[in-house]
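Residue numbers begin at 1 in each chain, while the letters A, B, ... track the order of the sequences. Note that these values count all heavy atoms, side chains included, but never hydrogens, waters or copies made by symmetry.
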Amino acid sequence: MVKLFPLKNIFDNSMKGAKIKTLIWIYIFLLPSVAIFLSFYLVPIVTVAFTSFTKWDGFNRPQFIGLSNFIKLFNTSVFYESLFNLLGWSLIAATLHVGFGVLVAFVLYKKPFGWKFTRAVFMVPNVISVAAWAMIYKYFFRNDIGILNTFLRLFNPNININWFFEAPYAFWAITLTWLFYAVVVTLLVMGDLMAIPESVREGAIIDGANALQMAWYIDLPLCRNAIGVGVICSITARIAMYEAIYLTTNGAGNTMNLPVILVRSIMDGNYGFANACAVIMLIVGVLTLWVVDKAFKMDEKIY
Amino acid sequence: MIDIVKKILGKVFMYSVIIFTITVSIFPILWIIMSSFKTNGEIMSGPFTLPSSIDFRAYKYLFEKYDFLTYTFNSVLISFLPTFLSLIFYTMGAYVIAKYDFPGKKLFFTLFTMTLLVPVHSRTQPIFSLIVGLDLYNTKTGLMLVYLSTGLALSMFILKNTFQSIPMELTESANLDGAGFWRTFLSINLPLARTGMITAGVLMFLTNWNEFYYANLLISTSNNRTLPVITILFNSMFTYNYTNTFAALVVVVIPGIIFYAFAQRYVQESMASAAIKG
């Protein structure tokens, strides 16, 4: 670290001049990032927080109306539908989705034939547009030309499920658009697996542990940081899930989510109400982080 | 005997997981590629059948009748330019945070990385109003401005780690040799930060290339549209022409995959970068 403070040679004017010049350059270098932070993060968040307590159409001055937006939100049935869906999706994300990612990580870690190829291919769904992916799945699940129903008809010729339109199925159809794509979890867990000291494993082998016991009692607990981060990432993605819903069901068939309510309110010019929704999203996000952090004891050192 | 059975079962299980993973990852893409070569009738008759012939008629149609060249150009411009600019900005910021001590250093870094916790959609209204207020609604400039903020947290994080991994002695000896702030930055540290910069750049480029939400919200006429937004419009435009719809999807999906194929190492690093954070 180049120490600028304290200025040791305070009487040496040339040195002092150079240091002040450096200090000026430092802040000039920070300036663009700070400007982006202010205009696209800090000011928006402060605006959202304040105007969530107002009635605002974006043109006239915001009118302070206290908690009315929140009360209105809490009195709509779509809000509870969204929360209920979010809870369901979060539970699925934290268990099945992350679980699948961990499973793939444990398998690939053994370096079976083709593991590098598998890792590379597993990433493909994550590098293409969520919007395109949602569209692909929309066709995948179509009753007439889709793959899924054609496949199911092999077993029961009378199947005619409109996956993205009917209530119990739409939730699961949306779930399937992301359920197996857990490559981030896989990469995180593989990173942690590789960091486990050889001595820990050797000790377990001497104690007579078999492969499964080793995975369950040694590897899995030592990967809890990666799994925790994976759970946080996947739940955060559920809170922000918009494209997968907007492009398939658009909220029909009991598949509402908070961002869909938010965008609709903006389109209707209810900015205050939209921002109340945004505040709820922020709070849910921070709560998730806090709960998962505590649950996985992520603040404690592992080794 | 039991050991051998166990071993075989273990192998069978492992390879089942591998085959399943590969299938769910690429089968949907192979399916749309295959369908884009089929005629409408062939698509209607069954999703598993192979196309009778490989011809690029649907693709030719898209580029000739629907100006896909413009959308492709828009997408390239709108994702590349902001990535390039914010990469320069974030590199500058991360550099001083990693290499110098100054008042506010910790605060700035904490604030920058905390933005990771803010859901994209929660900032919608202020950003929408900002762009409308600047009279940039339905312009490429407006969308590019918003894309400047892509990946602030993760890029800062990746770049700061990169600069921190460059030995401090290099900077110190350059200072002793009388190199000023700029010389130390440009000729000592920057060349050694290449990998980190590419990683952050790849991450931001892919995010912008695939971005749908703001591209859909801030653009209203087709001459300014990007590829991901066009997919949804096609869905309604070609209601009964599935061949064209599938071909359009392929055009959106393939460039990302090709880009990934070339930058695989960096994509993996950028995706796993959240790990260091945890």
Chain A interface, residue from B:V118, B:I88, B:V229 that has the most non-hydrogen pairs under 4.5 Å: B:V118
Segment of B:V252 engaging chain A (4.5 angstrom heavy-atom cut-off): side chain
Heavy-atom proximity to chain B below 4.5 Å, by part of A:M190: neither
Interface residue of largest heavy-atom contact number with chain B, from A:Y137, A:F106, A:W115, A:F140, under 4.5 Å: A:F140
Shortest non-hydrogen separation from B:H121 to A:L262 and the atoms involved: O-CD2, 3.5 Å
Which portion of A:I266 sits near chain B, non-hydrogen atoms under 4.5 angstrom: side chain
Heavy-atom donor-acceptor pair, A:Y41 side chain to B:F112 backbone, under 3.5 Å: no
Part of B:L130 within contact of chain A (heavy atom distance under 4.5 Å): side chain
Engaged part of B:I32 at the chain A interface, taking heavy atoms whose separation is under 4.5 Å: side chain
Student check: side-chain heavy atoms of A:Y246 and B:F212 closer than 4.5 Å: yes
Residue part contacting chain B, namely of A:I145, when any heavy atom lies under 4.5 Å: both
Residue among B:Y15, B:W31, B:Y90 with most heavy-atom pairs under 4.5 Å to chain A: B:W31
Non-hydrogen atoms of B:L249 and A:A132 that approach each other most closely: CD2-O, 3.8 Å
Short side-chain to backbone donor-acceptor contact, B:Y260 and A:A120, under 3.5 Å: yes
Residue selection (most heavy-atom pairs with chain B, distance under 4.5 Å) from A:V130, A:L31, A:V43, A:L103: A:L103
Contact leader toward chain B among A:M135, A:M281, A:M123, where contacts are heavy-atom pairs under 4.5 Å: A:M123
Pairwise side-chain contact, A:Y27 with B:P103, heavy-atom cut-off 4.5 Å (strictly under): yes
Heavy-atom proximity to chain A below 4.5 Å, by part of B:T115: both
Atom of A:V48, atom of B:S122 and distance for their closest heavy-atom approach: CG2-O, 3.4 Å
Region of B:W182 that comes under 4.5 Å of a non-hydrogen atom in chain A: side chain
Best-contacting candidate, A:L212, A:T150, A:T186, against chain B by heavy atom pairs under 4.5 angstrom: A:T150
Residue A:K138 versus chain B: region with a heavy atom under 4.5 Å: side chain
Under 4.5 Å from any heavy atom of chain B - which part of A:I136: both
Side chain, backbone, both or neither of B:I18 within contact of chain A (heavy atoms, under 4.5 Å): both
Max heavy-atom pair count under 4.5 Å with chain A, selected residue of B:V267, B:T124, B:L117, B:L111: B:L111
Ring centers of A:F37, B:F108 separated by less than 6.0 Å: no
Engaged part of B:L145 at the chain A interface, taking heavy atoms whose separation is under 4.5 Å: both
Proximal component of B:V24, with respect to chain A [non-hydrogen, under 4.5 Å]: both
Shortest non-hydrogen contact from B:P228 toward A:S129: CB-OG, 3.8 Å
Heavy-atom closest contact (A:W133 atom, B:S25 atom, distance): CH2-O, 3.8 Å
Part of B:L217 lying under 4.5 Å from any heavy atom of chain A: side chain
Test item: A:L282 and B:P119 side chains (from C-beta on) under 4.5 Å apart, heavy atoms: yes
Proximal component of B:L206, with respect to chain A [non-hydrogen, under 4.5 Å]: side chain
Which portion of B:F259 sits near chain A, non-hydrogen atoms under 4.5 angstrom: neither
Interface residue of largest heavy-atom contact number with chain A, from B:P28, B:G104, B:G10, under 4.5 Å: B:P28
Test item: A:V107 and B:T21 side chains (from C-beta on) under 4.5 Å apart, heavy atoms: no
Option in A:L187, A:V286, A:I128 with maximal non-hydrogen atom pairs under 4.5 Å from chain B: A:I128
Verdict with supporting geometry, A:F100 and B:F20, ring-ring contact (aromatic ring centres under 6.0 Å, His included): CA-CA 11 Å; A:F100 182 67; B:F20 180 77; 5.7 Å; yes
Residue B:V146 versus chain A: region with a heavy atom under 4.5 Å: both
Residue pair B:S129, A:Y271: steps toward the side-chain contact (heavy atoms from CB on, under 4.5 Å) verdict: CA-CA 10 Å; B:S129 299; A:Y271 287 8; 3.7 Å; yes
Best-contacting candidate, A:T47, A:D144, A:I280, A:L247, against chain B by heavy atom pairs under 4.5 angstrom: A:L247
Ring geometry between B:Y213 and A:Y242 (parallel below 30°, tilted from 30 to 60°, perpendicular above 60°): perpendicular
Proximity breakdown for B:Q264 and chain A, heavy-atom pairs closer than 4.5 Å: side chain
Side-chain touch B:F181/A:I24, heavy atoms, less than 4.5 angstrom: no
Validation row: A:L30, B:F102 side chains within 4.5 angstrom (heavy atoms): yes
Region of A:L108 in contact with chain B, defined by heavy-atom distances below 4.5 Å: side chain
Main-chain N/O of A:V127 paired to B:N210 side chain as donor or acceptor, under 3.5 Å: yes
